[in-house]
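Structure, as structure tokens:
This chain uses plain numbering: 1 for the first residue, then up along the sequence.
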Amino acid sequence: MATSDVFDGIPRGVAMRRGEALSLEDQAMPRAAFMAPAAVAASTALRHDSTKLFLGVIGGSIESRIGPRGPERHVLGGTAIGIGDD
């Protein structure tokens with residue numbers, strides 16, 4: 001039984017170079033990378049506020065406590081990050 005790539009024929013990657021369209025064979029994947037934690041914490045676009053969905057905390061420390069229902073983990077310090085959603 002032959003297998004097929006579910007993404008076969010779907011354009012992805014960099015489609016233009018110097019204003020000229022590239023064929024699928026000539027396209028290159030974009031260079032994606034994670035932002036440095038300090039850059040995420042400094043970004044106003046990613047800073048959490050009441051209009052954004054909470055994503056987590058950058059640069060905090062985890063503290064474990066034993067609560068009434070067992071172990072609990074809390075983040076102390078750091079910068080809350082979020083992203084807008086419509």
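- From Ile81, atom CD1 reaches atom CG of Leu53 across 12.0 Å, with rounding to the nearest 0.5 Å.
- In the hydrophobic clustering of this structure, Ile83 groups with Val40; members are Ile, Leu, Val, Met, Phe, Trp, Tyr whose side-chain heavy atoms approach within less than 4.5 Å, directly or through other members.
- Contact of the Arg47 side chain with the Thr79 side chain is registered, since non-hydrogen atoms from C-beta on lie closer than 4.5 Å.
- Within 6.0 Å of CG on Leu55 lie more than 12 heavy atoms contributed by other residues, nucleotides or ligands.
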Q: For the pair Glu72 and Ile66, evaluate side-chain contact (heavy atoms from CB on, under 4.5 Å) and give the outcome as yes or no after the intermediate values.
A: CA-CA 6 Å; Glu72 299 175 348; Ile66 302 298; over 6 Å; no
Q: Evaluate side-chain contact (heavy atoms from CB on, under 4.5 Å) for Leu76 paired with Glu63, printing each intermediate quantity in order.
A: CA-CA 7 Å; Leu76 302 175; Glu63 179 181 278; 3.3 Å; yes
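- Using modelled atom types, no side-chain atom of Lys52 and backbone atom of Asp85 make a donor-acceptor pair closer than 3.5 Å.
- For Arg73 against Ile62, the heavy-atom pair with the smallest separation is CD-CG2, 4.1 Å.
- Contact record, Leu46 with Met35: CD1-SD, 4.1 Å, taken as the closest heavy-atom pair.
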